[in-house]
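Input: a single structure, listed below in structure tokens.
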There are 2 protein chains.
Amino acid sequence: MPGPIQSLTRAAAVLRLLAGGERRLGLSEVAASLGLAKGTAHGILRTLQQEGFVEQDTVSGKYQLGAELLRLGNSYLDVHELRARALVWADDLARASGESVYIGVLHHKGVLIVHHVFRPDDSRQVLEVGAMHPLHSTALGKVLSAFDPVAHNEAMDVERTAFTHRTVVEADAFEKVLEDTRSRGWASDMEETWEGLASVAAPIHDRRRMPVGAVGLTGAVERVCEEGEVRSRLVASVRDAARSISRDLGSSPF
Amino acid sequence: MPGPIQSLTRAAAVLRLLAGGERRLGLSEVAASLGLAKGTAHGILRTLQQEGFVEQDTVSGKYQLGAELLRLGNSYLDVHELRARALVWADDLARASGESVYIGVLHHKGVLIVHHVFRPDDSRQVLEVGAMHPLHSTALGKVLSAFDPVAHNEAMDVERTAFTHRTVVEADAFEKVLEDTRSRGWASDMEETWEGLASVAAPIHDRRRMPVGAVGLTGAVERVCEEGEVRSRLVASVRDAARSISRDLGSSPF
DNA sequence: CAATGCTGTTCAGCATTGCCGACCAACTTC
DNA sequence: GAAGTTGGTCGGCAATGCTGAACAGCATTG
């Protein structure tokens with residue numbers, strides 16, 4: 001395979017750098033962080049700014065991500081077939097379970113949330129579409145790691161940080177979890193990522209029976225679990241939703 | 001000002017092209033649409049793919065936008081100061097009014113929605129964050145056009161399409177609408193964009209009293225209006241919210 | 001069933017392109 | 001006011017990436 005275009009990979013690195021740090025970054029910081037000459041970095045930033053991918057604070061001169069990225073990210077969702085098919089099923093699942101519902105796909109050693117339905121009550125919640133969740137500690141991540149070979153490799157490679165004392169970190173133990181997930185067809189997360197929160201998820205397959213994503217719900221452990229186990233009613237709802245979406249995508253049910 | 005980087009502007013054009021068409025595009029289509037040699041287009045696409053900005057359907061070989069854009073768009077929202085400050089106020093406004101609330105900023109001859117709170121009932125709604133609304137027919141757009149000189153120019157330049165029979169299209173009449181908006185400090189949209197929907201919006205100013213965005217609500221014309229006029233209670237709520245956000249941004253209230 | 005149009009992809013040669021690093025101007029901070 | 005910053009610019013060199021043609025895999029077509 002021929003080499004990639006230098007200026008493009010550098011521009012992508014700039015965007016990722018800007019996405020990483022919370023605050024705005026100056027030209028010199030960008031150049032130094034990426035090991036580029038100031039002139040080079042400036043050329044890239046100037047072009048990205050003209051295209052709307054980057055904005056410059058007129059007073060401080062520092063740079064941040066631009067609005068065009070939001071627009072393009074939204075367009076991505078529009079063409080995303082899995083998401084489009086899953087919309088109504090996710091809604092039903094949220095209604096039936098009373099919990100927040102997430103749909104995620106594998107992306108860059110993590111789970112990218114492509115759809116999120118709020119828990120159907122009036123509590124204040126923040127939308128997590130576009131956010132990344134860890135592969136090794138969430139129900140969505142475990143499902144992907146168990147059924148998608150690529151995700152499996154990435155999950156084993158990545159450093160599995162312990163978010164809580166219940167997080168499974170050790171390789172052998174984690175592999176065991178994935179085997180269980182494969183055999184029973186769904187995964188759970190009992191306060192392994194966030195204290196007090198539990199989640200359940202099941203895999204979504206496409207027409208060629210390849211795993212393309214996962215659907216799951218998350219909620220307070222007191223509501224989701226019973227005697228240390230996930231309520232079987234919720235497990236059934238999640239698996240039903242996953243099957244329905246898969247069928248919508250053309251996967252035959254048998 | 002020195003010239004922009006060729007390959008970058010071309011890559012941006014590719015992304016915008018992919019964002020425009022609903023369906024996936026083939027290499028040849030991309031190359032032809034942009035007037036590039038096939039080899040050139042392929043190099044750009046290949047690099048964008050490696051960076052995750054573009055994905056290729058393995059079976060058809062066609063290209064579509066990639067997941068990384070969603071992630072970056074999300075990061076954009078994280079850094080967006082206006083949005084961060086406005087979150088709670090938008091929530092309160094939705095609660096008080098019982099309608100969906102939008103926050104928009106000027107972007108590329110339109111209004112980019114950076115925040116959207118669902119109408120507080122159980123109806124099925126689609127999140128419009130990242131979507132573009134027209135400048136000349138929505139309340140948000142009119143507010144921006146009235147108070148932001150840049151938006152004003154763009155609104156006058158752009159071709160104002162008539163979405164409904166009530167849309168104000170003609171230049172003089174539109175200018176009149178903007179003057180009214182300026183004098184009373186808020187704008188409305190009575191079925192000028194979508195049949196049956198009305199909206200109200202007010203401007204948000206930053207610490208230097210420059211207009212940086214707008215906040216508004218949208219709902220069924222029967223609920224929002226009364227005897228052909230927007231309910232004054234809703235107008236007051238929207239303007240209060242706009243003032244609160246502006247104050248949060250450091251704009252002095254007098 | 002082969003011919004013919006597609007598709008995406010590769011490659012080598014050439015000159016355009018954009019990278020580099022020094023330089024400049026405008027602000028802070030001593 | 002000097003010595004740091006900062007972001008921004010510019011000329012010259014060569015590495016870079018663009019071009020256009022040729023390739024391989026697939027469908028549809030004659």
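Hydrogens, waters and symmetry mates play no part in the numbers below; they use all other heavy atoms, side chains included. First the proteins, then the strands, lettered A, B, ... as listed; each starts at 1.
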- Message: Going by purine N1 to pyrimidine N3 plus the second Watson-Crick contact, or the G-U wobble pair, all under 3.5 Å, which nucleotide sits opposite D:dG1?
- Response: C:dC30
- Side-chain contact check for A:Ile5: nearest option of C:dC19, D:dC18, D:dT9 is D:dC18
- Message: Of the listed nucleotides (C:dC20, C:dG8, D:dG8), which one gets closest to any side-chain atom of A:Ala37?
- Response: C:dC20
- Message: Return whichever of A:Gly61 or A:Leu8 has its heavy-atom-nearest nucleotide of DNA chain D closer to the 5' end.
- Response: A:Gly61
- Query: Atom CD of A:Gln50 to atom C1' of D:dG8: distance rounded to whole Å?
  - Reply: 14 Å
- Hey, does B:Lys38 reach any base, or is it just sugar-phosphate, or nothing, if we go heavy atoms under 4.0 Å? base
- A:Glu29 CD to D:dG7 P, in whole Å, measures 7 Å
- Message: In this structure, how many angstroms lie between the P atom of C:dG18 and the CG atom of A:Leu48, rounded?
- Response: 13 Å
- Task: Decide yes or no for B:Leu140 and B:Ile113: does some side-chain heavy atom of the first lie under 4.5 Å from some side-chain heavy atom of the second?
- Result: yes
- Give A:Gln56 one of three labels, base, sugar-phosphate or nothing, depending on what nucleic acid heavy atoms sit under 4.0 Å from its own. sugar-phosphate
- Side chains of B:His152 and B:Glu175, donor plus acceptor under 3.5 Å: yes
- Query: Quick one: are the ring centres of B:His115 and B:Trp89 less than 6.0 Å apart?
  - Reply: no
- Task: Pick the P atom in C:dA25 and in C:dT29, then give their distance to the nearest Å.
- Result: 22 Å
- Does a nitrogen or oxygen in the side chain of B:Ser28 sit under 4.0 Å from OP1 or OP2 of C:dT7? yes
- Query: Roughly how many Å is it from CG in A:Leu34 to C1' in C:dC20, rounded to a whole number?
  - Reply: 16 Å
- Item | Any A:Tyr63 side-chain nitrogen or oxygen under 4.0 Å from OP1 or OP2 of D:dT6 | no
- Item | P atoms of C:dA26 and C:dC30, separation to the nearest Å | 23 Å
- Which nucleotide in C:dG18, D:dG7, D:dT19 has an atom nearest any side-chain atom of B:Ser7: C:dG18
- Message: In whole Å, I'd like the distance from the CG atom of B:Leu27 to the P atom of D:dT19.
- Response: 13 Å
- Task: Kindly say if B:His42 contacts the phosphate of C:dG8, meaning a side-chain N or O under 4.0 Å from OP1 or OP2.
- Result: no
Between the protein and nucleotides 13-16 of chain C, which nitrogen or oxygen pairs are less than 3.5 angstrom apart?
none

- Message: Can you confirm whether the side chains of B:His116 and B:Gln125 place a donor and an acceptor under 3.5 Å from each other?
- Response: no
- Item | Side-chain touch A:Arg239/A:Arg184, heavy atoms, less than 4.5 angstrom | no
- Roughly how many Å is it from CD1 in B:Ile44 to P in D:dT16, rounded to a whole number? 17 Å
- Check the distance between C:dT10's C1' and B:Leu45's CG and give it to me in whole angstrom. 15 Å
- Pairwise side chain to side chain donor-acceptor pair (under 3.5 Å) hits with a residue in residues 135-147 of chain A, at least two apart: A:Ser137-A:Thr193, A:Lys142-A:Glu192
- Message: Under 4.0 Å from OP1 or OP2 of D:dT19: is there any side-chain N or O of B:Arg10 that close?
- Response: yes
- Message: Under a 4.0 Å threshold between the charged nitrogen and the carboxylate oxygen, would A:Glu179 count as salt-bridged to A:Arg182?
- Response: no
- Query: When the distance from NZ of B:Lys62 to C1' of C:dT9 is rounded to whole Å, what number comes out?
  - Reply: 15 Å
- Item | Non-hydrogen side-chain atoms of A:Leu144 and A:Val111 separated by less than 4.5 Å | yes
- Task: Using a 4.0 Å heavy-atom cut-off across all strands, classify B:Gly39 as base, sugar-phosphate, or nothing.
- Result: base
- Message: Give me the distance, rounded to whole Å, that separates C:dC19 from C:dA15 when you measure between the C1' atoms they each carry.
- Response: 16 Å
